[in-house]
Number of protein chains: 2
Amino acid sequence: MSSSKEKRDYIQNVSYDSVIFGFNGSQLKILVLEYHNTGYFALPGGFVKMDQSLDDAVKNGVSQRTGLQDIYLEQFYTFGSLERSDPKIMEKILTENNLDLEQHQWMLGRFLSIGYYALINYEEVSLRPDELSDSINWYSIDELPPLMMDHKKMVDKALEVLRVNLDRKIVGTNLLPQKFTMRQLQEVYEAILGEKIRRTTFQRKMLSMEILVRHEKLFQGKAHKAPYLYSFK
Amino acid sequence: MSSSKEKRDYIQNVSYDSVIFGFNGSQLKILVLEYHNTGYFALPGGFVKMDQSLDDAVKNGVSQRTGLQDIYLEQFYTFGSLERSDPKIMEKILTENNLDLEQHQWMLGRFLSIGYYALINYEEVSLRPDELSDSINWYSIDELPPLMMDHKKMVDKALEVLRVNLDRKIVGTNLLPQKFTMRQLQEVYEAILGEKIRRTTFQRKMLSMEILVRHEKLFQGKAHKAPYLYSFK
DNA sequence: CATTATTGTAACAAAATGAGACAATAGCTT
DNA sequence: AAGCTATTGTCTCATTTTGTTACAATAATG
């Protein structure tokens, strides 16, 4: 970790973790990073600077890892149990990165972590691992590697909140390209809910909500009637 | 503040605030406290000890103020903007309580605050103001005194989340006595939603959910047919 | 130019909800 | 004791929403 990560610059014992959702056309995926030489898989997270708002801290962290601006973020839960923190795991991460334990003692303590989920356009990201990580990659939500500490719980909770929000907030905007077909939108919903939706009912419901603009038809080169393209109002 | 509130015992720059809901039979109310000699009205809040889970910290704080055990709590949001903290307000509270500013410097910093709401039985509480407060009292949610800092926003957010949760979690259990009439339950719903509900539709819906047990009739001494009593399964 | 897969919408069925009506009844008034 | 009043529990019918099936439209394919 660079010298910029001085203890006194950051709020102590507080972190954030992000569940960054993307949609590859058929599956819902999230970003998972792997720490150098440890075999530890984790959610992208970070700390909050003393003079920085929580939202900004998360926004910056997600921006840096994805190369995106204007990220759609929702806070979903704050994790505050004592068991969630594990100094041994943090210690291994630090030593494997040749960081001075003494100087980074503060990272071994107990942490509250605020969970945010992001919805981003899978196509547009340019992934950049941070200093501590070997890699950052997409994983299907039902084929995740074993995540360290309580990060799997975080994913579950994020998904739970996302599903509840699905009826109340517009979700497709951020997971799909600007223009999309009704089928693509349906596939996003199916991936999030983890179940099939009846086509005609879904179409009727979406159209009746009056949140979509219908555009010209797409000539998609398939051997059947071409669908309309839509965008959100 | 007592000598027990040493800086190093607590997580720095983190607090919790609680929106404690009760139902007096017709209105939804919350608990608001008033700091000594300041005119500041605030939500009951506190800090998290280093070796204490977040949930426990809140549970203890709410228990102490209400005298209740087994409190129903839901975390609803974490507030993390920079503007929310106001050292001048904290300073006044400390000086009016004859507390040493030097020693309590840490309270003047910037705070993240985790919001929880509680649902409690209005009848059973025995209110106890904390050391810094003159009083703790019930206020109707639409007749609140001016609350300090962002505490009004917290109440609004708590209510918003409570309303969303109303369809998904059982709420009456905690705001009503063990046994209650259908009308009482309806009044709780109406108070939370802030609108009238159709009686017959509400009754049909509640009965069809199969979450209620019907008991003997109540002889309530009113000049009309006696209603059944219900409890939650 | 018929075939194929998919799309958009119509049509009907089933379920959920809205709205009103009515009989039952506990205590009050005579 | 008989009738009155307010409220309760339930039923019925209307309306709206959702589930299900059907079918015509149509872009590429062979």
Rounded to whole Å, the CD-C1' distance (A:Gln203 to D:dT20) equals 15 Å

Whole-Å distance, A:His215 NE2 to C:dT7 C1', equals 18 Å

By side-chain contact (heavy atoms from CB on, under 4.5 Å), A:Met148 pairs with (sequence neighbours left out) A:Tyr35, A:Tyr40, A:Ala42, A:Ile89, A:Ile93, A:His151

Residues 173-200 of chain A vs ring-ring contact (aromatic ring centres under 6.0 Å, His included), sequence neighbours excluded, gives A:Phe180-A:Phe232, A:Tyr189-A:Phe202

By side chain to side chain donor-acceptor pair (under 3.5 Å), A:His215 pairs with (sequence neighbours left out) A:Ser231

Rounded to whole Å, OH of A:Tyr228 lies from P of C:dT6 at a distance of 19 Å

Between CZ of B:Arg183 and P of D:dT10 the distance, given in whole Å, is 16 Å

When rounded to whole Å, the CD to C1' distance for the pair B:Gln186 and D:dT8 reads 12 Å

Residue set satisfying side-chain contact (heavy atoms from CB on, under 4.5 Å) with A:Glu124, at least two apart, ordered chain then number -> A:Leu68, A:Asn121

Tightest non-hydrogen contact, residues A:Trp138 and A:Phe21, listed as CZ3-C, 4.1 Å

Whole-Å distance, A:Phe202 CZ to C:dT7 C1', equals 15 Å

Applying side chain to side chain donor-acceptor pair (under 3.5 Å) to B:Lys179 and not counting sequence neighbours gives none

Between CG of A:Asp167 and P of D:dT18 the distance, given in whole Å, is 11 Å

Separation of D:dT17 atom P from A:Met209 atom CE, nearest Å, is 14 Å

B/S/- along nucleotides 14-27 of chain C (protein heavy atoms under 4.0 Å) is ---BBBBB--BBBB

